[in-house]
Novice: 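Take a look at the following structure, please.
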Protein chains: 4
Amino acid sequence: MTDGQSDPRRRARKTALLDAARRRFAQDGFAGTSVASIVREAGVAQGTFYLYFENKAHLLVHLRAEILRDFSAALDRAIARDAPADARLVQALENLYAAVRRHRKMLRVIRQATSGDEIDRVWVEGRRVLAGPLGRLLAEGRAEGRFDLDAPPSFSAHLLLSLFDDLLFDALEYRVPAGGRATLRGATRFVLRGLGVARPRIDDLCPSTARAA
Amino acid sequence: MTDGQSDPRRRARKTALLDAARRRFAQDGFAGTSVASIVREAGVAQGTFYLYFENKAHLLVHLRAEILRDFSAALDRAIARDAPADARLVQALENLYAAVRRHRKMLRVIRQATSGDEIDRVWVEGRRVLAGPLGRLLAEGRAEGRFDLDAPPSFSAHLLLSLFDDLLFDALEYRVPAGGRATLRGATRFVLRGLGVARPRIDDLCPSTARAA
Amino acid sequence: MTDGQSDPRRRARKTALLDAARRRFAQDGFAGTSVASIVREAGVAQGTFYLYFENKAHLLVHLRAEILRDFSAALDRAIARDAPADARLVQALENLYAAVRRHRKMLRVIRQATSGDEIDRVWVEGRRVLAGPLGRLLAEGRAEGRFDLDAPPSFSAHLLLSLFDDLLFDALEYRVPAGGRATLRGATRFVLRGLGVARPRIDDLCPSTARAA
Amino acid sequence: MTDGQSDPRRRARKTALLDAARRRFAQDGFAGTSVASIVREAGVAQGTFYLYFENKAHLLVHLRAEILRDFSAALDRAIARDAPADARLVQALENLYAAVRRHRKMLRVIRQATSGDEIDRVWVEGRRVLAGPLGRLLAEGRAEGRFDLDAPPSFSAHLLLSLFDDLLFDALEYRVPAGGRATLRGATRFVLRGLGVARPRIDDLCPSTARAA
DNA sequence: AATGAATGAGTCTTCATTCAT
DNA sequence: GATGAATGAAGACTCATTCAT
């Protein structure tokens, strides 16, 4: 039996390929990266690639799934804490921000790539996955009397997610004035106000850095 | 001298090329569209293309600029009206929504295309262009005592723009639950609350369709 | 020593591989069939294939030989009977026709495959094998005064074989008008006339179906 | 206007490509010949090939059509003569033999190639084209009292064609004993007898070379 | 003997761009 | 200015065969 060591080896190879792809994509974009350059960097033969991935586009499915898993974990970590809903929300937004930051380059690549059906499905599914816990958090906050939603929690959750991944992605990517930390603070405060949190509580949870000029 | 008629002819040709490109891109994406198919549709020779555009990617610069101009006009039309700032903001958001809707397909194409430096520059520039008038509207609203910003107007403007182009783009593209009209209403109300507009006034300007469950 | 069971096992494996190849070739042609698909269907490992066959092309040698054996048996069965030479010839042609029918798909595949030297050799050899007994039958028929050959029996035998394998193959393959049974009858009668058999005897041995229009 | 010389140039290029293909195919077979080797031999760029042919397989359509045209001309030349039907038939068979001889190599290639639908259609069509005049010749011969067919002329025509292209092809290809001229004579005599031509007349039209051993 | 992961040369085809006319 | 034939580099993917286990 040679299976004893084949599995870890498989896993290692796949990881090597994925890592190489991530690096090449970040550098040259999806279309600009050839399978040849990926295998060269991973140190395997051309044909080996197709032992691990159906085709070039399939790499994106994996890469996207990885990112989604990380986003999901970031959210869950914040929500699982023992604290008032609004405080947990602030933490959740912060974690999300950090995650966007971590994956900024790959997010850009994924946006660039012509999205096949399967890739789209993963993405939409991902949105749903993230919106679930976030929606529940908003519902809890409303029950606790901390949020004053005027739309169903799930809808508000989608709104917030959009705001946080796309907006922050852009902030980081295009260096909109007042990006970075200030953007996080500003956006968080904006969200809290949109959720009907009172001004003093907002100042408490998330002190404003930017002085309203 | 035949120049007298060469200029209008040049313009017509360029337009024909641009129109053809728009149609092909919308159908097949940027990478999926060949220069050959564009010139065929425009009814000119292959080589002629390069008399009007440096290369294929350059088409995007023009297409992007066109969209930006349209967005800008949509915004200005609303802001120029004679009405309170908050009412003008609601109208502006609605116009923006309509513009996103109109250009959805091309926006997607532009996102897909590998972004050369020049294309990026146009995009960032565009954001700035839009943020200008919007920021001034927010400032006016604050002066009128209608908005209660806790960040500089320009920053808030960027926030709103992001919310409205990316979010709505996604809503239309991925059919997030409660997309379409309801999304516009929901997002508008969220924005108004974030700007500190009082509940009765919000109901006035933008009656809620979705009943908070 | 485990060799006691290795031999039957070897034989079984080889047969399994050959059967799988026949099925795949019939479906997808020679070039269109990968060794991978053959071993998958045969339920053995990729590398095992090369323990039984030098290479992919070598399969054809075996397959061809099999077919030849079947043709040969079909011929011998008819010739060995106890009957006049002309009647045996009619039966031989019928058997040949049935054999072509049975192996039609593989015959086509074999024609397609690029013929290495060895494959050619098998084919020529096969013709010779078939021409032997058929030539002797013709000689007997001449001795019996039933055939009136004006070429050596072996040459006539080659003529008949060509007529019967290629012609009938084409008839079946390309659906020439009046293919199938009628073709068999027509060709048989043509052959009998070519061999100088008298009209009434021909009608006896092989009644005409097609009315000469 | 540059059209004046573009057309002859196009034609010359196409011919060059076709010639190169013929040479390469004859040498290495269809599957064994790469487009690269063809363009190299024709002295044009890789991409140029696809300006003249849809794809590699399409070459066969042209090559096949060429051969068919030549066969057809060979037949017509004999049939159009002013002579008795049986004499014209003998001439027709001789011309056909020469044509098979000329195109032997390409016929082999065409048989090898996996035949797409379009290619098959050309082939079947070709058979029909050839069978037409030949069938009419047989009918004329019957009317003149020279042939005694016991199947419809068109069917007999197909029979003869098969006999003459496939059989002779094999004779030349596999060097069956008594190939070449003797084969032509033998086959012709066989055919004449099958058509009911009397022995003295046969000896007249086509003196036997092979002494029946 | 059997396995099956790994190899890498080789295939067809596309297409942005150039340039002689 | 306009043309469109020609270019040739580049790309994704396949698959017969090998070889360490």
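Computed from a predicted model, the values in this text were never measured in an experiment. Lettering follows sequence order; numbering is per chain, from 1.
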Novice: Going by heavy atoms in the side chains, are A:R13 and A:R10 under 4.5 Å from each other?
Specialist: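 Answer no - side chains too far apart.
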Novice: Go through E:dC12, E:dT17, F:dT7 for me and flag the one nearest to the D:V44 side chain.
Specialist: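 Among E:dC12, E:dT17, F:dT7, the one nearest the side chain of D:V44 is F:dT7.
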Novice: If only side-chain N and O atoms of A:R13 are considered, is one of them under 4.0 Å from the OP1 or OP2 phosphate oxygen of E:dT7?
Specialist: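 Affirmative; the distance criterion is met.
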Novice: To the closest 0.5 Å, what do you measure between CZ (B:R102) and CD1 (B:I67)?
Specialist: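 Nearest 0.5 Å value for the CZ-CD1 distance: 10.5 Å.
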Novice: Would you mind telling me which residue lines up with the more 5' stretch of DNA chain E, D:N55 or B:N55, judged by nearest nucleotide?
Specialist: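 It is D:N55, whose closest nucleotide lies nearer the 5' terminus.
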Novice: From C-beta outward on A:Q46, which listed nucleotide comes closest to its side chain: E:dC12, F:dT14, F:dT3?
Specialist: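 It is F:dT14.
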Novice: Quick one: B:L59 CG to E:dT17 P, roughly how many Å, whole number?
Specialist: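 So the CG-P distance, B:L59 to E:dT17, works out to 10 Å.
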Novice: Between D:R22 and D:D19, is there a salt bridge with N-O shorter than 4.0 Å?
Specialist: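 A salt bridge links D:D19 with D:R22.
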Novice: Quick one: is D:Y52 getting a side-chain N or O under 4.0 Å of the F:dA5 phosphate, OP1 or OP2?
Specialist: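 No, because none of the side-chain N or O atoms of D:Y52 sits under 4.0 Å from OP1 or OP2 of F:dA5.
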Novice: Does E:dC15 have a Watson-Crick or wobble mate here (both distances under 3.5 Å), and if so which one?
Specialist: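 Its partner is F:dG8 (Watson-Crick or G-U wobble, both distances under 3.5 Å).
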Novice: Is F:dT3 paired to anything, Watson-Crick or G-U wobble with both distances less than 3.5 Å, and if yes, which nucleotide?
Specialist: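 The answer is E:dA20, by the H-bond criterion.
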Novice: Is A:V109 close to A:L60 at the side-chain level, that is, under 4.5 Å between some pair of heavy atoms?
Specialist: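 Side-chain contact under 4.5 Å: yes.
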Novice: Taking for each residue the nucleotide of DNA chain F with the nearest heavy atom, is it A:G47 or C:G47 whose nucleotide lies nearer the 5' end?
Specialist: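 The answer here is A:G47.
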Novice: How many Å lie between CZ on C:F49 and P on E:dA2, as a whole number?
Specialist: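 Going from C:F49 (CZ) to E:dA2 (P), I get 14 Å.
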Novice: When you compare the side chain of A:F30 with that of A:I110, does any pair of heavy atoms fall below 4.5 Å?
Specialist: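 A side-chain contact is absent here, since even the closest heavy-atom pair is not under 4.5 Å.
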Novice: Of all the choices, F:dA2, E:dT3, F:dC13, which nucleotide is nearest to the side chain of B:L51 once you look at every atom?
Specialist: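 Ranking F:dA2, E:dT3, F:dC13 by closest atom to the B:L51 side chain puts F:dA2 first.
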Novice: From C-beta outward on A:Y50, which listed nucleotide comes closest to its side chain: F:dA12, F:dC15, E:dA1?
Specialist: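 Closest nucleotide among those given: F:dA12.
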Novice: Return the value, rounded to whole Å, for the distance between atom CZ of A:R24 and atom C1' of F:dA12.
Specialist: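 Interatomic distance, CZ of A:R24 to C1' of F:dA12: 17 Å.
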Novice: Classify B:T33 by what it touches in the nucleic acid, base, sugar-phosphate, or nothing, heavy-atom distance under 4.0 Å.
Specialist: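 Answer is sugar-phosphate: B:T33 comes under 4.0 Å of backbone atoms only.
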Novice: Please report the C-alpha distance between C:K14 and C:H62 in whole Å, then the side-chain angles of each, then the deciding distance to 0.1 Å, and finally whether the side chain to side chain contact (heavy atoms under 4.5 Å, CB included) criterion is met.
Specialist: CA-CA 10 Å; C:K14 191 162 189 173; C:H62 288 262; 3.4 Å; yes
Novice: Phosphate oxygens OP1/OP2 of F:dA6: is one of them under 4.0 Å from a side-chain N or O of D:T48?
Specialist: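 Answer no for this pair, as no side-chain N or O of D:T48 is under 4.0 Å from OP1 or OP2.
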Novice: Let me know, please, whether B:A45 or D:G43 comes out on the 5' side of the other along DNA chain F by nearest nucleotide.
Specialist: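 Its nucleotide being nearer the 5' end, the pick is B:A45.
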Novice: CZ of D:R9 versus C1' of F:dT3: gap in Å, rounded?
Specialist: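 Going from D:R9 (CZ) to F:dT3 (C1'), I get 14 Å.
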Novice: Find the distance C:I38:CD1 to F:dC15:C1' and express it as a whole number of Å.
Specialist: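 Checked: the CD1 to C1' distance equals 12 Å.
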Novice: Rounded to the Å, how far apart are A:E54 CD and F:dA12 C1'?
Specialist: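 Result: 14 Å.
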Novice: Return the value, rounded to whole Å, for the distance between atom CZ of D:R40 and atom C1' of F:dG8.
Specialist: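 So the two atoms are 14 Å apart, to the nearest Å.
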Novice: What is the distance from CG of B:L60 to P of E:dA16, rounded to the nearest Å?
Specialist: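 Nearest whole value for this atom pair: 12 Å.
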